[in-house]
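Here the structure comes first, spelled out in C-alpha coordinates, and everything after it is commentary.
These numbers come from the heavy atoms of this one structure, side chains and all, not from hydrogens, waters or symmetry mates. Here is the naming used below: chain letters follow the sequence lines, and residue numbers restart at 1 for every chain.
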Number of protein chains: 2
Amino acid sequence: MAKTKSEIHRDAKHAEIVEAARRLFIDAGYDQTSMSRIAEEAGVAPNTIYWYFADKDALLVAVLDSLLTAALKRFVAKAMRPPQEPALEADLCWLLNELDHLKTLIATVHARVSSSTAVHTWHGNFHRAFEAVLSARLAAYGVHASDLASASRVSMFVVEGIAAHPTSAKDRRALVKWLAATLDRGAF
Amino acid sequence: MAKTKSEIHRDAKHAEIVEAARRLFIDAGYDQTSMSRIAEEAGVAPNTIYWYFADKDALLVAVLDSLLTAALKRFVAKAMRPPQEPALEADLCWLLNELDHLKTLIATVHARVSSSTAVHTWHGNFHRAFEAVLSARLAAYGVHASDLASASRVSMFVVEGIAAHPTSAKDRRALVKWLAATLDRGAF
DNA sequence: ACCTGAACACCGTTCAAGT
DNA sequence: ACCTGAACACCGTTCAAGT
(Lines give C-alpha, C1' and ligand atoms only; values in the text may rest on other atoms or scores of the structure.)
Protein backbone atom coordinates (compact mmCIF):
# COMPACT_ATOMS: atom_id res chain seq x y z
CA MET A 1 0.00 0.00 0.00
CA ALA A 2 1.46 3.32 -1.10
CA LYS A 3 1.60 6.08 1.46
CA THR A 4 -0.06 9.43 1.08
CA LYS A 5 2.01 12.56 1.31
CA SER A 6 0.68 13.38 4.77
CA GLU A 7 1.47 9.88 5.98
CA ILE A 8 5.05 10.34 4.82
CA HIS A 9 5.28 13.64 6.64
CA ARG A 10 3.80 12.06 9.74
CA ASP A 11 6.33 9.21 9.68
CA ALA A 12 9.19 11.65 9.15
CA LYS A 13 8.12 13.77 12.12
CA HIS A 14 7.70 10.63 14.19
CA ALA A 15 11.17 9.41 13.28
CA GLU A 16 12.68 12.82 13.94
CA ILE A 17 11.30 12.87 17.47
CA VAL A 18 12.51 9.32 18.18
CA GLU A 19 15.94 10.16 16.81
CA ALA A 20 16.25 13.27 18.97
CA ALA A 21 15.09 11.34 22.03
CA ARG A 22 17.51 8.50 21.33
CA ARG A 23 20.46 10.84 21.03
CA LEU A 24 19.57 12.72 24.21
CA PHE A 25 18.59 9.67 26.27
CA ILE A 26 21.92 8.01 25.46
CA ASP A 27 24.12 11.09 25.79
CA ALA A 28 22.52 12.83 28.78
CA GLY A 29 20.31 10.12 30.31
CA TYR A 30 16.55 9.65 30.49
CA ASP A 31 15.94 11.58 33.71
CA GLN A 32 18.23 14.40 32.69
CA THR A 33 16.45 14.83 29.34
CA SER A 34 13.31 16.95 29.46
CA MET A 35 10.50 16.71 26.95
CA SER A 36 11.15 20.36 26.09
CA ARG A 37 14.75 19.56 25.19
CA ILE A 38 13.64 16.73 22.90
CA ALA A 39 11.03 18.96 21.30
CA GLU A 40 13.61 21.68 20.72
CA GLU A 41 15.97 19.17 19.08
CA ALA A 42 13.15 17.83 16.90
CA GLY A 43 11.93 21.30 15.94
CA VAL A 44 8.45 21.10 17.45
CA ALA A 45 6.59 22.56 20.40
CA PRO A 46 6.98 20.56 23.64
CA ASN A 47 3.38 19.41 23.73
CA THR A 48 3.44 18.31 20.09
CA ILE A 49 5.28 15.19 21.20
CA TYR A 50 2.10 14.14 22.97
CA TRP A 51 0.32 13.98 19.65
CA TYR A 52 2.70 11.17 18.64
CA PHE A 53 3.37 9.49 21.98
CA ALA A 54 1.20 8.85 25.02
CA ASP A 55 3.90 9.92 27.46
CA LYS A 56 7.65 9.96 28.09
CA ASP A 57 7.72 6.22 28.77
CA ALA A 58 6.05 5.48 25.42
CA LEU A 59 8.76 7.55 23.77
CA LEU A 60 11.39 5.55 25.66
CA VAL A 61 9.86 2.32 24.34
CA ALA A 62 9.97 3.71 20.79
CA VAL A 63 13.66 4.54 21.26
CA LEU A 64 14.35 1.05 22.61
CA ASP A 65 12.60 -0.50 19.61
CA SER A 66 14.61 1.61 17.17
CA LEU A 67 17.85 0.60 18.89
CA LEU A 68 16.82 -3.05 18.89
CA THR A 69 16.00 -3.22 15.18
CA ALA A 70 19.27 -1.45 14.36
CA ALA A 71 21.22 -3.95 16.48
CA LEU A 72 19.33 -6.83 14.88
CA LYS A 73 20.36 -5.57 11.46
CA ARG A 74 24.00 -5.53 12.52
CA PHE A 75 23.60 -8.98 14.00
CA VAL A 76 22.31 -10.41 10.72
CA ALA A 77 25.15 -8.73 8.80
CA LYS A 78 27.62 -10.23 11.24
CA ALA A 79 26.05 -13.70 10.90
CA MET A 80 26.72 -13.57 7.13
CA ARG A 81 30.45 -13.22 7.67
CA PRO A 82 32.60 -16.26 8.59
CA PRO A 83 32.66 -16.66 12.39
CA GLN A 84 35.72 -15.66 14.36
CA GLU A 85 37.28 -18.38 16.53
CA PRO A 86 36.65 -19.05 19.34
CA ALA A 87 33.12 -18.33 18.14
CA LEU A 88 31.24 -18.23 21.44
CA GLU A 89 33.72 -15.85 23.03
CA ALA A 90 33.59 -13.62 19.96
CA ASP A 91 29.79 -13.57 20.14
CA LEU A 92 29.82 -12.49 23.77
CA CYS A 93 32.38 -9.77 23.05
CA TRP A 94 30.27 -8.50 20.17
CA LEU A 95 27.26 -8.36 22.47
CA LEU A 96 29.22 -6.44 25.11
CA ASN A 97 30.37 -3.95 22.49
CA GLU A 98 26.77 -3.42 21.41
CA LEU A 99 25.65 -2.72 24.97
CA ASP A 100 28.63 -0.58 25.90
CA HIS A 101 27.19 2.81 25.11
CA LEU A 102 23.73 1.77 26.31
CA LYS A 103 24.56 1.12 29.96
CA THR A 104 22.66 4.14 31.22
CA LEU A 105 19.66 3.18 29.11
CA ILE A 106 19.71 -0.38 30.47
CA ALA A 107 19.70 0.97 34.01
CA THR A 108 16.82 3.28 33.10
CA VAL A 109 14.75 0.40 31.77
CA HIS A 110 15.28 -1.62 34.95
CA ALA A 111 14.40 1.39 37.07
CA ARG A 112 11.17 2.11 35.16
CA VAL A 113 9.97 -1.48 34.78
CA SER A 114 8.15 -1.26 38.09
CA SER A 115 6.36 2.04 37.46
CA SER A 116 5.55 1.98 33.74
CA THR A 117 3.46 -0.83 32.26
CA ALA A 118 4.69 0.10 28.76
CA VAL A 119 8.32 -0.34 29.77
CA HIS A 120 7.40 -3.44 31.78
CA THR A 121 5.85 -5.26 28.81
CA TRP A 122 8.67 -4.18 26.48
CA HIS A 123 11.23 -5.50 28.93
CA GLY A 124 9.40 -8.84 29.21
CA ASN A 125 9.16 -9.22 25.44
CA PHE A 126 12.80 -8.28 25.01
CA HIS A 127 14.04 -10.92 27.43
CA ARG A 128 11.82 -13.61 25.94
CA ALA A 129 13.03 -12.82 22.42
CA PHE A 130 16.63 -12.44 23.44
CA GLU A 131 16.77 -15.68 25.39
CA ALA A 132 15.21 -17.50 22.45
CA VAL A 133 17.96 -16.25 20.12
CA LEU A 134 20.64 -16.96 22.70
CA SER A 135 19.27 -20.46 23.30
CA ALA A 136 19.41 -21.28 19.60
CA ARG A 137 22.98 -20.00 19.48
CA LEU A 138 24.02 -22.02 22.52
CA ALA A 139 22.30 -25.14 21.20
CA ALA A 140 24.40 -24.82 18.04
CA TYR A 141 27.48 -24.74 20.28
CA GLY A 142 26.45 -28.09 21.76
CA VAL A 143 24.88 -27.07 25.07
CA HIS A 144 22.48 -29.79 26.18
CA ALA A 145 18.80 -29.03 25.53
CA SER A 146 17.70 -29.42 29.15
CA ASP A 147 20.21 -26.76 30.27
CA LEU A 148 19.56 -24.17 27.58
CA ALA A 149 17.21 -22.12 29.75
CA SER A 150 19.63 -21.74 32.65
CA ALA A 151 22.61 -21.30 30.34
CA SER A 152 21.07 -18.49 28.33
CA ARG A 153 19.74 -16.74 31.41
CA VAL A 154 23.08 -16.85 33.20
CA SER A 155 24.79 -15.53 30.06
CA MET A 156 22.28 -12.71 29.90
CA PHE A 157 22.80 -11.77 33.55
CA VAL A 158 26.58 -11.81 33.30
CA VAL A 159 26.53 -9.70 30.15
CA GLU A 160 24.12 -7.24 31.74
CA GLY A 161 26.22 -7.18 34.90
CA ILE A 162 29.39 -6.39 33.00
CA ALA A 163 27.59 -3.69 31.04
CA ALA A 164 26.08 -2.15 34.17
CA HIS A 165 29.23 -2.11 36.31
CA PRO A 166 32.54 -0.42 35.63
CA THR A 167 34.76 -3.29 34.56
CA SER A 168 38.34 -3.01 33.39
CA ALA A 169 39.14 -4.47 29.98
CA LYS A 170 41.22 -7.13 31.70
CA ASP A 171 38.46 -8.21 34.09
CA ARG A 172 35.98 -8.13 31.25
CA ARG A 173 38.14 -10.48 29.17
CA ALA A 174 38.55 -12.84 32.14
CA LEU A 175 34.80 -12.98 32.74
CA VAL A 176 33.96 -13.60 29.09
CA LYS A 177 36.63 -16.30 28.90
CA TRP A 178 35.23 -18.00 31.99
CA LEU A 179 31.64 -17.87 30.77
CA ALA A 180 32.54 -19.19 27.33
CA ALA A 181 34.66 -21.98 28.82
CA THR A 182 31.92 -23.01 31.25
CA LEU A 183 29.29 -23.16 28.52
CA ASP A 184 31.64 -24.83 26.04
CA ARG A 185 32.75 -27.66 28.20
CA GLY A 186 29.16 -28.58 28.92
CA ALA A 187 29.35 -27.77 32.58
CA PHE A 188 25.57 -27.89 32.53
CA MET B 1 32.18 10.21 74.93
CA ALA B 2 28.73 10.89 76.38
CA LYS B 3 26.28 12.72 74.16
CA THR B 4 24.63 15.98 75.08
CA LYS B 5 20.85 16.18 75.10
CA SER B 6 20.81 18.15 71.87
CA GLU B 7 23.06 15.62 70.18
CA ILE B 8 20.64 12.86 71.15
CA HIS B 9 17.76 14.85 69.74
CA ARG B 10 19.70 15.49 66.59
CA ASP B 11 20.50 11.81 66.11
CA ALA B 12 16.87 10.87 66.76
CA LYS B 13 15.62 13.33 64.15
CA HIS B 14 18.26 12.12 61.74
CA ALA B 15 17.22 8.49 62.26
CA GLU B 16 13.56 9.37 61.92
CA ILE B 17 14.11 10.96 58.52
CA VAL B 18 16.19 8.02 57.28
CA GLU B 19 13.55 5.57 58.52
CA ALA B 20 10.73 7.41 56.77
CA ALA B 21 12.77 7.61 53.58
CA ARG B 22 13.65 3.92 53.73
CA ARG B 23 10.03 2.89 54.14
CA LEU B 24 8.85 5.11 51.30
CA PHE B 25 11.76 4.38 48.92
CA ILE B 26 11.15 0.64 49.29
CA ASP B 27 7.35 0.72 49.21
CA ALA B 28 6.71 3.41 46.59
CA GLY B 29 10.09 3.79 44.87
CA TYR B 30 12.70 6.55 44.89
CA ASP B 31 11.33 8.58 42.00
CA GLN B 32 7.77 8.26 43.22
CA THR B 33 8.70 9.52 46.70
CA SER B 34 8.86 13.29 47.06
CA MET B 35 10.90 15.07 49.70
CA SER B 36 7.63 16.59 50.98
CA ARG B 37 6.20 13.13 51.53
CA ILE B 38 9.28 12.05 53.49
CA ALA B 39 9.15 15.22 55.55
CA GLU B 40 5.47 14.69 56.30
CA GLU B 41 6.18 11.12 57.43
CA ALA B 42 9.08 12.30 59.61
CA GLY B 43 7.10 15.20 61.07
CA VAL B 44 9.23 18.07 59.81
CA ALA B 45 8.98 20.78 57.19
CA PRO B 46 10.13 19.71 53.70
CA ASN B 47 13.20 21.93 53.69
CA THR B 48 14.27 20.78 57.15
CA ILE B 49 15.60 17.61 55.52
CA TYR B 50 18.22 19.78 53.85
CA TRP B 51 19.61 20.66 57.23
CA TYR B 52 20.53 17.00 57.71
CA PHE B 53 21.26 15.89 54.13
CA ALA B 54 22.84 17.66 51.20
CA ASP B 55 20.22 16.44 48.72
CA LYS B 56 17.92 13.55 47.88
CA ASP B 57 20.83 11.38 46.72
CA ALA B 58 22.64 11.84 50.04
CA LEU B 59 19.46 10.68 51.77
CA LEU B 60 19.39 7.66 49.47
CA VAL B 61 22.97 6.82 50.45
CA ALA B 62 22.03 7.10 54.14
CA VAL B 63 19.13 4.68 53.54
CA LEU B 64 21.43 2.27 51.71
CA ASP B 65 23.91 2.37 54.59
CA SER B 66 21.19 1.69 57.15
CA LEU B 67 19.95 -1.28 55.09
CA LEU B 68 23.49 -2.59 54.69
CA THR B 69 24.36 -2.51 58.39
CA ALA B 70 21.05 -4.21 59.21
CA ALA B 71 21.76 -6.95 56.67
CA LEU B 72 25.28 -7.32 58.00
CA LYS B 73 23.86 -7.86 61.48
CA ARG B 74 21.61 -10.64 60.19
CA PHE B 75 24.54 -12.13 58.31
CA VAL B 76 26.64 -12.34 61.47
CA ALA B 77 23.72 -13.89 63.38
CA LYS B 78 23.33 -16.44 60.61
CA ALA B 79 27.04 -17.24 60.63
CA MET B 80 26.77 -18.20 64.32
CA ARG B 81 24.24 -20.92 63.57
CA PRO B 82 25.36 -24.29 62.11
CA PRO B 83 25.40 -24.09 58.30
CA GLN B 84 22.65 -25.71 56.25
CA GLU B 85 23.79 -28.26 53.64
CA PRO B 86 24.52 -27.78 50.82
CA ALA B 87 26.11 -24.69 52.33
CA LEU B 88 26.95 -22.68 49.21
CA GLU B 89 23.47 -23.09 47.80
CA ALA B 90 21.94 -22.07 51.13
CA ASP B 91 24.16 -18.98 51.21
CA LEU B 92 23.04 -17.88 47.76
CA CYS B 93 19.38 -18.45 48.64
CA TRP B 94 19.80 -16.40 51.81
CA LEU B 95 21.32 -13.60 49.77
CA LEU B 96 18.47 -13.70 47.27
CA ASN B 97 15.95 -13.52 50.10
CA GLU B 98 17.73 -10.47 51.48
CA LEU B 99 17.61 -8.68 48.13
CA ASP B 100 14.06 -9.72 47.28
CA HIS B 101 12.23 -6.68 48.61
CA LEU B 102 15.04 -4.35 47.53
CA LYS B 103 14.83 -4.95 43.78
CA THR B 104 13.45 -1.49 43.05
CA LEU B 105 16.15 0.09 45.21
CA ILE B 106 18.88 -1.86 43.40
CA ALA B 107 17.57 -0.60 40.08
CA THR B 108 17.49 2.94 41.45
CA VAL B 109 21.12 2.74 42.54
CA HIS B 110 22.22 1.54 39.09
CA ALA B 111 20.18 4.28 37.45
CA ARG B 112 21.65 7.04 39.63
CA VAL B 113 25.27 5.85 39.62
CA SER B 114 25.94 7.87 36.50
CA SER B 115 24.42 11.14 37.68
CA SER B 116 25.20 11.28 41.40
CA THR B 117 28.78 11.12 42.63
CA ALA B 118 27.54 10.23 46.14
CA VAL B 119 25.67 7.18 44.84
CA HIS B 120 28.56 6.38 42.52
CA THR B 121 31.13 6.18 45.30
CA TRP B 122 28.74 4.24 47.57
CA HIS B 123 28.13 1.73 44.78
CA GLY B 124 31.86 1.32 44.21
CA ASN B 125 32.57 0.79 47.90
CA PHE B 126 29.69 -1.64 48.20
CA HIS B 127 30.91 -3.85 45.38
CA ARG B 128 34.48 -3.84 46.66
CA ALA B 129 33.37 -4.81 50.16
CA PHE B 130 30.85 -7.35 48.96
CA GLU B 131 33.23 -9.08 46.60
CA ALA B 132 35.82 -9.28 49.38
CA VAL B 133 33.32 -11.08 51.65
CA LEU B 134 32.13 -13.30 48.82
CA SER B 135 35.72 -14.16 47.86
CA ALA B 136 36.52 -15.24 51.43
CA ARG B 137 33.39 -17.38 51.47
CA LEU B 138 34.20 -18.99 48.12
CA ALA B 139 37.81 -19.60 49.16
CA ALA B 140 36.49 -21.52 52.17
CA TYR B 141 34.47 -23.63 49.73
CA GLY B 142 37.64 -24.57 47.91
CA VAL B 143 37.56 -22.26 44.89
CA HIS B 144 41.10 -21.78 43.59
CA ALA B 145 42.72 -18.48 44.57
CA SER B 146 43.45 -17.37 41.02
CA ASP B 147 39.78 -17.66 40.10
CA LEU B 148 38.24 -15.97 43.12
CA ALA B 149 37.86 -12.61 41.42
CA SER B 150 35.93 -13.96 38.43
CA ALA B 151 33.94 -16.38 40.57
CA SER B 152 32.74 -13.77 43.03
CA ARG B 153 31.94 -11.29 40.31
CA VAL B 154 29.92 -13.80 38.31
CA SER B 155 28.06 -14.81 41.48
CA MET B 156 27.28 -11.17 42.18
CA PHE B 157 26.00 -10.56 38.65
CA VAL B 158 23.80 -13.65 38.64
CA VAL B 159 22.34 -12.80 42.04
CA GLU B 160 21.69 -9.22 40.94
CA GLY B 161 20.20 -10.46 37.69
CA ILE B 162 17.79 -12.78 39.47
CA ALA B 163 16.83 -10.03 41.87
CA ALA B 164 16.27 -7.51 39.09
CA HIS B 165 14.24 -9.73 36.77
CA PRO B 166 10.95 -11.49 37.44
CA THR B 167 12.01 -15.09 37.97
CA SER B 168 9.74 -17.96 38.92
CA ALA B 169 10.68 -19.90 42.04
CA LYS B 170 11.46 -22.90 39.86
CA ASP B 171 13.81 -20.98 37.53
CA ARG B 172 15.40 -19.33 40.53
CA ARG B 173 16.15 -22.70 42.13
CA ALA B 174 17.58 -24.01 38.86
CA LEU B 175 19.89 -21.01 38.50
CA VAL B 176 21.12 -21.17 42.08
CA LYS B 177 21.71 -24.91 41.73
CA TRP B 178 23.69 -24.37 38.55
CA LEU B 179 25.80 -21.59 39.99
CA ALA B 180 26.56 -23.54 43.18
CA ALA B 181 27.42 -26.66 41.19
CA THR B 182 29.72 -24.75 38.84
CA LEU B 183 31.57 -23.09 41.69
CA ASP B 184 31.67 -26.28 43.77
CA ARG B 185 33.18 -28.52 41.15
CA GLY B 186 35.97 -26.04 40.64
CA ALA B 187 35.03 -25.24 37.09
CA PHE B 188 37.32 -22.28 37.47
C1' DA C 1 -5.59 15.61 11.57
C1' DC C 2 -1.97 18.16 13.30
C1' DC C 3 0.22 21.73 16.09
C1' DT C 4 0.59 25.39 19.51
C1' DG C 5 0.55 28.94 23.72
C1' DA C 6 -0.79 29.05 28.00
C1' DA C 7 -1.73 26.93 31.99
C1' DC C 8 -1.73 23.19 35.90
C1' DA C 9 0.02 20.57 39.57
C1' DC C 10 4.17 19.14 41.21
C1' DC C 11 9.08 18.60 41.89
C1' DG C 12 13.91 19.34 44.30
C1' DT C 13 16.10 23.01 46.24
C1' DT C 14 17.26 27.78 48.19
C1' DC C 15 16.98 31.67 51.15
C1' DA C 16 15.79 35.08 54.33
C1' DA C 17 13.73 35.07 58.63
C1' DG C 18 12.68 33.21 62.97
C1' DT C 19 14.01 30.71 67.63
C1' DA D 1 22.34 25.35 65.83
C1' DC D 2 18.03 24.15 64.19
C1' DC D 3 13.71 24.86 61.76
C1' DT D 4 10.33 27.14 58.82
C1' DG D 5 7.24 29.78 55.11
C1' DA D 6 7.69 31.48 50.98
C1' DA D 7 9.67 31.48 46.79
C1' DC D 8 12.43 29.77 42.46
C1' DA D 9 13.25 27.33 38.38
C1' DC D 10 11.79 23.38 36.32
C1' DC D 11 9.25 19.24 35.27
C1' DG D 12 5.62 16.11 32.63
C1' DT D 13 1.26 16.76 31.03
C1' DT D 14 -3.38 18.87 29.65
C1' DC D 15 -6.54 21.74 27.23
C1' DA D 16 -8.73 25.08 24.62
C1' DA D 17 -7.77 27.30 20.50
C1' DG D 18 -5.93 27.58 16.01
C1' DT D 19 -5.05 25.66 10.98
Side-chain angles (χ1 to χ4, degrees), chain A residues 1-22 24-25 28-63 108-109 111-112 114-119, chain B residues 1-18 20-22 24-25 27-63 108-109 111-112 114-119:
Chain A
M1 174 100 77
K3 288 181 179 175
T4 68
K5 202 180 272 185
S6 75
E7 274 174 335
I8 291 172
H9 175 259
R10 182 173 215 282
D11 290 355
K13 220 62 186 158
H14 183 101
E16 216 167 333
I17 294 170
V18 172
E19 202 180 320
R22 184 184 56 208
L24 289 165
F25 285 169
Y30 180 82
D31 284 324
Q32 285 74 30
T33 301
S34 69
M35 295 296 265
S36 306
R37 186 78 185 78
I38 297 168
E40 189 184 350
E41 204 84 355
V44 295
N47 45 358
T48 299
I49 297 177
Y50 290 88
W51 180 259
Y52 292 90
F53 302 94
D55 50 28
K56 200 181 178 185
D57 284 307
L59 183 49
L60 173 60
V61 167
V63 167
T108 301
V109 169
R112 299 210 59 72
S114 59
S115 55
S116 158
T117 63
V119 175
Chain B
M1 172 99 78
K3 289 182 178 176
T4 68
K5 203 181 273 185
S6 75
E7 275 175 333
I8 290 173
H9 175 259
R10 180 172 217 284
D11 290 355
K13 220 61 186 156
H14 188 278
E16 216 168 333
I17 293 171
V18 172
R22 185 185 54 208
L24 289 165
F25 285 170
D27 291 349
Y30 179 81
D31 284 323
Q32 286 74 30
T33 301
S34 69
M35 295 296 267
S36 306
R37 186 80 184 77
I38 298 168
E40 189 184 350
E41 204 84 357
V44 295
N47 45 358
T48 298
I49 297 177
Y50 291 88
W51 180 260
Y52 292 90
F53 302 93
D55 52 27
K56 200 180 177 184
D57 283 308
L59 183 49
L60 173 60
V61 167
V63 166
T108 300
V109 169
R112 299 208 60 71
S114 59
S115 55
S116 158
T117 64
V119 174

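Results of the side-chain contact (heavy atoms from CB on, under 4.5 Å) test with A:Y30 over A:L24, A:D57, A:L59 single out A:D57 as the only residue that passes.
Taking side-chain N and O atoms only, B:Y50 has no distance below 4.0 Å to OP1 or OP2 of D:dC3. In this model, the phosphate group of D:dC3 is not approached by any side-chain N or O of B:W51 to a distance below 4.0 Å at OP1 or OP2.
Atom CD in B:E40 sits roughly 11 Å away from atom P in C:dC11 (whole-Å rounding). Distance CE (A:M35) to P (C:dA9): 20 Å, rounded to an integer number of Å. Atom C1' of nucleotide D:dC3 and atom CD of B:E16 are separated by 14 Å, given to the nearest angstrom. If you measure from atom CZ of B:R37 to atom P of C:dC10, you get 14 Å, rounded to the nearest angstrom. Atoms OH (B:Y52) and P (C:dG12) sit 20 Å apart, rounded to a whole Å. For the pair B:Q32 CD and C:dG12 C1', the interatomic distance rounds to 15 Å; values are reported in whole Å. When the P atom of D:dC2 is taken as reference, atom CD1 of B:I17 falls 12 Å away, rounded to whole Å.
At a threshold of 4.0 angstrom between heavy atoms, the contacts of A:F53 with the nucleic acid are absent. A:T48 comes within contact range of at least one nucleobase, with a heavy-atom separation under 4.0 Å.
Among the nucleotides C:dC11, C:dT13, D:dT13, the one closest to any side-chain atom of B:S34 is C:dC11.
Ring geometry for A:H14 versus A:Y52: interplanar angle over 60°, hence perpendicular rather than tilted (30 to 60°).
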